[in-house]
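Data block below; observations after.
From a predicted model like this one, the values you see are computed outputs, not experimental measurements.
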Amino acid sequence: MDIFLTNNLTNKKEQFVPKDKKNIGMYVCGPTVYDDPHIGNARPLVIFDVLFKLLKNRFNSVTYVRNITDIDDKIIKASQEQKITTKELTEKITNGFFEDCKFLNCDNPTHQPKATEHIDLMIEMINKLMKKGFAYENNNHVYFEVKKFTDYGQLSNKKLEDLIAGSRVEISENKKNSEDFVLWKPSKENEPSWDSPWGKGRPGWHLECSAMSKKFLGNEFDIHGGGIDLIFPHHENEIAQSRCANNTKVFANFWVHNAFITMSNEKMAKSQGNILKIKDFRNKISGQIIRLALMSAHYRQPLDWNDKLLSDCENTLDKWYKLYPSNVKSVKVSDEILKPLHEDLNTPGYIANLHKLYEKANKGENIDLFISACRFIGLMNETSELWNDFKKNKVSITESEIENMVSLRDKARENKNYDEADRIRNELLDKGVLIEDKNGKTLWKFK
């Protein structure tokens with residue numbers, strides 16, 4: 001059965017036709033490891049893991065690359081604030097990220113390259129761009145000259161002027177034009193640096209993905225994925241520098257992006273004080289609940305994160321696990337059952353099929369098929385005993401204690417002390433209490 005995906009390069013749902021059926025290539029932008037990932041970061045982890053599983057089911061060989069950005073301005077700032085080295089910080093956050101992926105039952109990508117291990121390839125790409133006249137150096141900075149690439153804005157489907165007007169563009173007197181983006185920048189004293197023809201410094205963020213995707217997937221490959229917020233400028237810049245350096249008409253054939261997670265219809269963001277970190281859910285509830293919740297809406301639609309969503313997902317899995325047999329046989333899942341996933345990763349449609357299979361399994365029909373179909377998207381991967389273990393971690397707390405902590409959190413948010421607000425929210429979560437900000441009020445509920 002053919003796979004169809006919405007391609008943001010053409011703004012159409014298209015049949016996925018690979019460059020080489022014997023080796024599919026997919027690159028997905030991974031984390032910048034300056035802070036622990038939050039639930040918004042978890043959505044692409046799960047969505048592209050489902051796509052990885054689907055591709056492996058359809059094709060013999062799939063190469064999935066997801067990078068680790070371990071050098072960046074945010075990393076340097078966070079390490080200085082914590083008074084540790086960037087290496088200590090990035091190793092700590094990277095290890096935590098791997099634990100998050102395991103918690104969410106995601107398969108390991110084929111390659112997980114770190115930016116700092118590929119600086120030589122980035123310098124090589126910059127040299128190519130400079131020799132071809134697409135980049136210039138000024139005061140130890142190297143910039144890509146956007147106007148030299150006539151297809152700039154194709155992914156965003158906007159003109160250059162509109163893109164620049166609607167975004168935050170770095171202002172620098174070193175640039176020829178405001179829209180030009182950095183390929184190499186000098187490092188300040190006591191900051192990580194690498195030798196280069198333009199002095200000691202470090203690469204620009206956009207360049208890192210271009211160099212690493214080229215190493216593992218070549219100049220052209222099948223699918224590039226990430227969050228919708230990466231379309232501009234990150235993915236637009238990747239296309240520009242990669243096509244110019246590699247002299248190709250294509251970088252990635254399909255561009256697939258997931259939409260945001262919201263809370264009370266507001267984007268999850270530090271400035272909103274509504275960050276929920278993945279690690280704070282570990283050992284408190286099953287990662288399968290989080291995974292099912294993340295698949296409950298189509299990946300191209302916003303997903304509102306709330307206590308009812310988690311409660312509904314927990315109840316669904318609780319019901320399903322009551323059917324879990326002592327011995328499970330792996331059964332091939334038919335294309336008919338998988339059809340929603342072939343139609344642009346329609347996970348809600350596939351979950352609806354799981355409910356139908358459950359009804360049959362509840363009557364004693366094809367229980368192994370039901371379990372296998374769940375496992376296809378990373379659910380029902382543990383025994384009933386393990387599933388029930390998370391319930392034992394809930395800690396009792398009185399309603400008056402909850403109300404008092406909610407009041408303290410409200411005051412912290414009023415004072416824009418979002419770190420304290422996050423701490424209180426996470427403490428309540430540890431005690432088995434979910435809270436939701438809605439219409440200016442804070443609502444709470446036991447998990």
Side-chain angles (χ1 to χ4, degrees), residues 5-14 16 27-29 32 44 69 72-73 122 125-126 128-138 141-185 203-211 213-214 219-260 262 267 269 271 299-302 344:
L5 295 171
T6 296
N7 186 358
N8 279 331
L9 193 61
T10 59
N11 288 315
K12 294 178 182 177
K13 187 165 76 171
E14 301 175 354
F16 173 63
Y27 185 95
V28 177
C29 290
T32 298
T69 295
D72 180 81
D73 290 345
M122 299 171 202
M125 185 169 279
I126 295 172
K128 282 186 179 180
L129 289 167
M130 293 186 74
K131 287 178 182 177
K132 293 181 178 185
F134 292 106
Y136 60 91
E137 186 267 341
N138 187 16
H141 293 73
V142 182
Y143 292 95
F144 183 92
E145 191 167 359
V146 170
K147 289 178 180 176
K148 295 284 185 73
F149 180 59
T150 56
D151 284 342
Y152 196 83
Q154 189 178 67
L155 178 64
S156 312
N157 197 28
K158 291 182 179 180
K159 294 180 180 178
L160 177 59
E161 299 78 19
D162 297 332
L163 287 170
I164 299 304
S167 67
R168 291 178 293 178
V169 176
E170 179 192 359
I171 305 299
S172 173
E173 60 184 17
N174 295 309
K175 293 183 179 184
K176 286 183 181 180
N177 313 290
S178 61
E179 67 269 17
D180 297 346
F181 59 88
V182 69
L183 300 173
W184 188 266
K185 62 173 73 175
W205 171 41
H206 312 301
L207 185 73
E208 297 174 1
C209 289
S210 286
S213 63
K214 176 182 172 69
N219 293 343
E220 302 176 26
F221 54 93
D222 295 302
I223 300 170
H224 196 311
I228 197 170
D229 55 322
L230 297 179
I231 292 178
F232 183 82
H234 186 50
H235 289 166
E236 201 73 73
N237 292 350
E238 275 189 70
I239 292 172
Q241 62 202 8
S242 292
R243 283 185 52 190
C244 291
N246 301 327
N247 194 28
T248 60
K249 293 183 179 180
V250 173
F251 176 39
N253 287 318
F254 276 77
W255 288 83
V256 181
H257 298 91
N258 64 275
F260 294 126
T262 61
K267 178 188 171 185
S271 60
Y299 77 93
R300 287 178 55 80
Q301 299 299 319
D344 201 17

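- The side-chain heavy atoms of Thr32 and Glu208, taken from C-beta on, include no pair separated by under 4.5 Å.
- Nearest approach of Val250 to Thr248, heavy atoms of both residues: O-OG1, 2.8 Å.
- Residues Asn237 and Tyr152 are in side-chain contact: their nearest non-hydrogen atoms beyond the backbone lie under 4.5 Å apart.
- Atom CD1 of residue Ile239 and atom SG of residue Cys244 lie 11.0 Å apart, to the nearest 0.5 angstrom.
- Taking the six-membered ring where the residue is Trp, the centroids of Phe251 and Phe221 are separated by under 6.0 Å.
- Judged purely by atom type and a 3.5 angstrom limit, Lys159 has no side-chain atom pairing as donor or acceptor with the backbone of Gly153.
- In this structure, CD on Glu238 lies 9.5 Å from CG on Leu207, to the nearest 0.5 angstrom.
- Ring planes of Phe16 and Phe254: perpendicular class, angle over 60° (limits at 30 and 60°).
- Residues meeting the salt bridge (charged side-chain N to carboxylate O under 4.0 Å, His left out) test with Lys176, sequence neighbours left out: Glu145.
- Here the straight-line distance linking atom CD of Glu220 with atom NZ of Lys214 works out to 10.5 Å at 0.5 Å rounding.
- Between the side chain of Gln241 and the backbone N or O of His206, at least one donor-acceptor pair lies under 3.5 Å.
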Item checked: CA sep, side-chain torsions, deciding dist, call: Lys13, Asn7, side-chain hydrogen bond (donor to acceptor under 3.5 Å, both in side chains) -> CA-CA 6 Å; Lys13 187 165 76 171; Asn7 186 358; over 6 Å; no
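- How far OG1 of Thr10 is from CD of Gln154: 9.5 Å, rounded to the nearest 0.5 Å.
- Within a 6.0 Å radius of NZ in Lys147, other residues, nucleotides and ligands contribute 12 heavy atoms or fewer.
- Within the 4.5 Å cutoff, the side chain of Phe149 has no heavy atoms near those of the Leu160 side chain.
- In this structure, Trp255 and Ile231 have side chains that are not in contact, with every pair of non-hydrogen atoms separated by 4.5 Å or more.
- Considering all non-hydrogen atoms of both residues, His234 and Cys209 come closest at NE2-SG, 3.4 Å.
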Item checked: Ser156 vs Glu236, side-chain hydrogen bond (donor to acceptor under 3.5 Å, both in side chains): CA-CA, chis, key distance, verdict -> CA-CA 7 Å; Ser156 312; Glu236 201 73 73; 2.4 Å; yes
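- Put simply, the side chain of Lys175 gets close to the backbone of Asp180: a donor and an acceptor are under 3.5 Å apart.
- Note that CG of Leu129 is 8.5 Å distant from OG of Ser210, once rounded to the nearest 0.5 Å.
- Contact check for Val256 versus Ile223: side-chain heavy atoms found under the 4.5 Å cut-off.
- Rounded to the nearest 0.5 angstrom, Glu137 CD and Trp184 CH2 are separated by 12.5 Å.
- When all heavy atoms of Ala259 and Pro302 are compared, the pair lying nearest together is CB-N, 3.8 Å.
- Of all non-hydrogen atoms in Leu183 and Tyr143, the two that sit nearest each other are CD1-C, 4.0 Å.
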